[in-house]
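Below is one structure, written out as structure tokens; comments come after it.
Labels below follow one simple rule: chain letters A, B, ... track the order of the sequence lines, proteins then strands, and each chain is numbered from 1.
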Amino acid sequence: MTAAFLVARGIAKRFGALTALSDVDLEIRPGEVLALLGDNGAGKSTFIKILAGAHPPSDGELIVEGMPVAFSSPKDAASSGIATIFQELALSENLSISENVFLGRELKRSVLGVPFLRRAEMRRRVDSLLKELDAHISDPEAPVGSLSGGQRQAVAICRALNLNAKLVIMDEPTAALAVAETRKVLALTRRLAERGCAVVLISHNISEVFEVADRIVVFRRGRKVAERLRAETDPEEIVSFITGAHPGVRALEKTN
Amino acid sequence: MRQFRDGVFSMTGREWSLLAACVLAIIVFSVASPYYATSGNAGTVLRNSIELLLIGLGMMLLLAMGGIDVSVGVVMGLAAIGVGRALGAGVDPVLTAFVGPLTGALLGLVAATVIVLGRVPAIVGTLGLLGVYRTAIFVLLGGQWLSGLPTGLTVLLGTTILGLPIAAYVIALAYLAVWVALRRTPFGLHLLAIGNSEEKARLSGIPVVKVRFATFIISGALTGLAATFYVANYRNVEMTVGSTLALDAIAAVVLGGTSILGGKCSLVGTVLGVLLLRILQNGLLLVGVPSLWQPVVTGGLLIGVLSFEVLSNRLSLLQFRWAGK
């Protein structure tokens with residue numbers, strides 16, 4: 001088994017008197033799609049916000065590639081190789097695909113102190129990224145506003161890859177997509193892992209999770225209640241973890 | 001295929017229709033007035049377009065970023081007083097030419113500070129500054145016109161090199177500089193991204209505050225440059241200087257195809273919008289419509305174009321959100 005890219009130990013998050021997350025241990029490995037499941041308010045979002053640097057944890061530690069880290073902003077997380085693709089994609093509809101992929105980190109060459117964009121080079125790189133992901137987008141110069149929801153996810157993924165992300169967190173990427181589009185995004189998710197990226201996928205859709213994830217982690221009431229390899233579990237067991245009907249969860253919740 | 005035409009003189013349907021409108025207006029006025037189709041009048045229209053073109057380029061950048069500046073008229077007035085005073089004090093004309101852009105850039109910095117750091121919507125912040133500056137002009141001029149200024153600046157900008165006056169080179173340079181900044185540097189992408197959504201731009205790692213400051217300063221400098229031309233052209237500064245400039249500039253830029261909601265703009269469109277506006281104003285004057293009616297025509301055009309765009313679904317009213325920037 002490959003060494004973990006990120007290890008979370010005893011992560012807790014309290015908002016005043018409210019405990020949103022307590023004592024979460026988790027390992028995230030390169031080349032693996034890890035699905036986070038759980039009901040609303042189970043703590044999934046809080047957990048990924050901690051990974052993404054949007055919230056500091058109240059307790060516990062994060063270790064990235066063997067080194068303890070403390071993120072004070074999403075920028076810190078990004079410089080550790082963690083990219084988050086939020087549900088509302090942070091893409092500029094009025095700019096082209098290649099401009100979006102490089103936005104904020106453009107390639108440029110200085111002529112008399114004026115930073116000129118290296119458009120041809122950016123276009124070439126985006127073209128090869130799109131081909132590599134088999135994203136079915138032919139023209140990197142098309143405005144993002146003209147793309148479908150699935151294609152926009154592909155652009156967001158390209159952007160993450162271009163930032164050299166080693167861990168890509170995807171927050172319900174298929175929530176607003178039609179069936180055919182969902183298929184494409186799931187295929188992209190797989191390809192991302194095959195490239196050696198660690199992928200964390202948040203989802204409500206169990207069949208989708210079983211299709212794409214290598215490992216499944218279930219959150220319930222701010223705790224991690226289950227971790228299973230996909231091959232060793234089935235949708236029924238996972239649902240029982242989510243709803244709390246599983247005897248293991250009951251025993252856990254009784255002791256507290 | 002490139003979907004975004006961004007060459008120095010790129011034209012799309014909008015720009016071609018504007019060009020057609022300019023030609024049509026010229027034909028109609030030529031038929032209607034014997035004084036219209038003369039080389040002297042063509043020169044007048046072009047000369048009258050200079051200040052508006054420079055201010056329009058700055059206004060275009062601001063609108064594309066989701067900002068606006070309704071104080072450009074008085075900013076030009078203040079810069080013109082600076083240029084006029086320097087000229088009157090016998091400062092070298094070459095140096096006085098720089099007084100305008102410098103004063104303008106400084107006032108742009110003030111506007112940016114109020115709007116960006118003070119978190120005031122651009123339309124409200126610049127409206128406030130408009131009030132302050134209008135009084136400042138009155139106080140500085142002491143209730144009198146600045147008039148009978150020396151001809152140094154006029155001579156300087158009129159000096160011809162290779163058959164063209166220096167003024168033409170300065171304007172071409174300003175246009176090219178704006179084109180490079182907008183279409184060839186990261187700054188242009190950042191500006192358009194902010195115009196699309198400030199929040200998304202921030203999430204993308206764009207230095208939003210820096211870009212907004214830079215845009216207000218550039219627009220201020222262009223407005224100040226317009227003041228230099230204004231003083232060279234008229235050699236006086238009156239109390240009501242620039243009172244319709246903000247309306248003219250916003251109308252010309254919006255006519256040119258720049259989105260009032262931000263995120264989209266056209267350089268060639270801005271030039272043609274300015275020309276169309278000045279052709280109409282000049283032509284109406286020559287066919288006997290009193291100049292009092294000019295703002296009515298401009299305002300009508302502005303409202304007409306915007307409501308046409310909303311009705312044809314190019315803009316959604318729900319998207320009206322620039323007041324927040």
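With a 4.5 Å cut-off on non-hydrogen atoms, A/Leu163 does not touch chain B at all. Using a 4.5 Å cut-off between heavy atoms, A/Arg118 does not touch chain B at all.
Contact between A/Ala90 and B/Ser204 at its shortest, heavy atoms only, is O-OG, 3.3 Å. Closest of all the heavy-atom pairs between B/Leu189 and A/Leu103 is CB-CD1, 4.1 Å. Annotation for B/Lys200 and A/Glu93: closest pair NZ-OE2, 2.8 Å, computed over non-hydrogen atoms.
Counting heavy atoms of neighbouring residues, nucleotides and ligands inside a 6.0 Å radius, atom NZ of A/Lys166 does not exceed 12 of them. Other residues, nucleotides and ligands contribute over 12 non-hydrogen atoms within 6.0 Å of the OH atom of B/Tyr169.
Interface remark: of the candidates B/Pro207, B/Ala201, B/Ala181, B/Ala193, B/Ala193 forms the most heavy-atom pairs closer than 4.5 Å to chain A.
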Side chain to side chain contact (heavy atoms under 4.5 Å, CB included) between A/Leu95 and B/Asn196, intermediate numbers included: CA-CA 9 Å; A/Leu95 300 182; B/Asn196 180 65; over 6 Å; no

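Heavy-atom neighbours of chain B within the stretch residues 104-113 of chain A, taken at a separation under 4.5 angstrom, comprise A/Gly104, A/Glu106, A/Lys108.
With rounding to the nearest 0.5 Å, the separation of OG in B/Ser259 from CG in A/Asn94 is 9.5 Å.
A heavy-atom distance below 4.5 Å is not found between the side chains of A/Ser92 and B/Leu192.
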